[in-house]
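Have a look at the structure below before the remarks.
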Amino acid sequence: MGTSKVTSDLLRGNTDTMILRLLAEADRYGYEIVKLIAERSQGEYELKEATMYSSVRRLETDGDITWYWGDESQGGRRKYFRITEKGRATYARNKTNWEYAKRVLDTLL
């Protein structure tokens with residue numbers, strides 16, 4: 001994207017999908033999710049912690065993720081999030097929808 005960062009408005013509707021993608025790889029804790037999104041976007045997009053926690057609460061309510069407390073072997077006790085089978089299906093559906101929308105936008109823009 002050059003010198004400008006991706007606006008949060010552009011990606012806001014895909015926050016849940018980004019989180020589900022990361023959780024499909026491995027269980028993760030909150031700060032790790034925020035950090036990985038920044039790293040993988042090469043600093044172009046920074047997910048705010050408040051937005052991330054709103055998203056994980058929504059995903060948990062919908063049955064797409066669960067959580068558990070990690071052990072204290074690596075410092076403080078952390079809350080880890082895990083994707084469910086329903087969450088894997090939601091991720092696949094959202095990714096398909098994104099790919100369709102991207103094709104339409106590529107055609108229009």
Please name all residues satisfying side chain to side chain contact (heavy atoms under 4.5 Å, CB included) with [X], sequence neighbours left out, ordered by chain then number.
{"X": "A24", "result": "I83, R88"}
{"X": "T17", "result": "Y91, N94"}
{"X": "V34", "result": "E49, M52"}

Residues forming a salt bridge (Lys or Arg N to Asp or Glu O under 4.0 Å) with [X], sequence neighbours excluded:
{"X": "D27", "value": "R82"}
{"X": "K86", "value": "D64"}
{"X": "R57", "value": "none"}
{"X": "R21", "value": "E25"}

- Is it true that R77 and D71 make a salt bridge, defined as a side-chain N closer than 4.0 Å to a carboxylate O?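 Judged by the 4.0 Å cut-off on N to carboxylate O distance, R77 and D71 do not form a salt bridge.
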Once rounded to the nearest 0.5 Å, what's the spacing between atom [atom1] of [X] and atom [atom2] of [Y]?
{"X": "I65", "Y": "S55", "atom1": "CD1", "atom2": "OG", "result": "7.5 Å"}
{"X": "Y31", "Y": "R78", "atom1": "OH", "atom2": "CZ", "result": "10.0 Å"}
{"X": "L59", "Y": "T66", "atom1": "CG", "atom2": "OG1", "result": "11.0 Å"}
{"X": "K48", "Y": "I37", "atom1": "NZ", "atom2": "CD1", "result": "12.5 Å"}
{"X": "I19", "Y": "F81", "atom1": "CD1", "atom2": "CZ", "result": "8.5 Å"}

- Item | Listed partners of Y53 passing ring-ring contact (aromatic ring centres under 6.0 Å, His included), at least two apart |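 For Y53, no residue satisfies ring-ring contact (aromatic ring centres under 6.0 Å, His included) once neighbours in sequence are set aside.
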- Task: Sequence neighbours left out, what passes ring-ring contact (aromatic ring centres under 6.0 Å, His included) with Y100? Give chain and number order.
- Result: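 Applying ring-ring contact (aromatic ring centres under 6.0 Å, His included) to Y100 gives none.
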- Task: Kindly state each residue pair satisfying salt bridge (Lys or Arg N to Asp or Glu O under 4.0 Å) with at least one member in residues 99-109, sequence neighbours excluded.
- Result: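 Counting only pairs at least two positions apart or across chains, the salt bridge (Lys or Arg N to Asp or Glu O under 4.0 Å) contacts touching residues 99-109 are K95-E99, K102-D106.
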- Do the side chains of L47 and M18 get nearer than 4.5 Å, heavy atoms only?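 They are not in side-chain contact.
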- Message: According to side chain to side chain donor-acceptor pair (under 3.5 Å), who are the partners of T15, at least two apart in sequence or on a separate chain?
- Response: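 For T15, no residue satisfies side chain to side chain donor-acceptor pair (under 3.5 Å) once neighbours in sequence are set aside.
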- Query: Parallel, tilted or perpendicular: which describes the rings of Y80 and Y29, with under 30° parallel and over 60° perpendicular?
  - Reply: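 Because their plane-to-plane angle is over 60°, the rings of Y80 and Y29 count as perpendicular.
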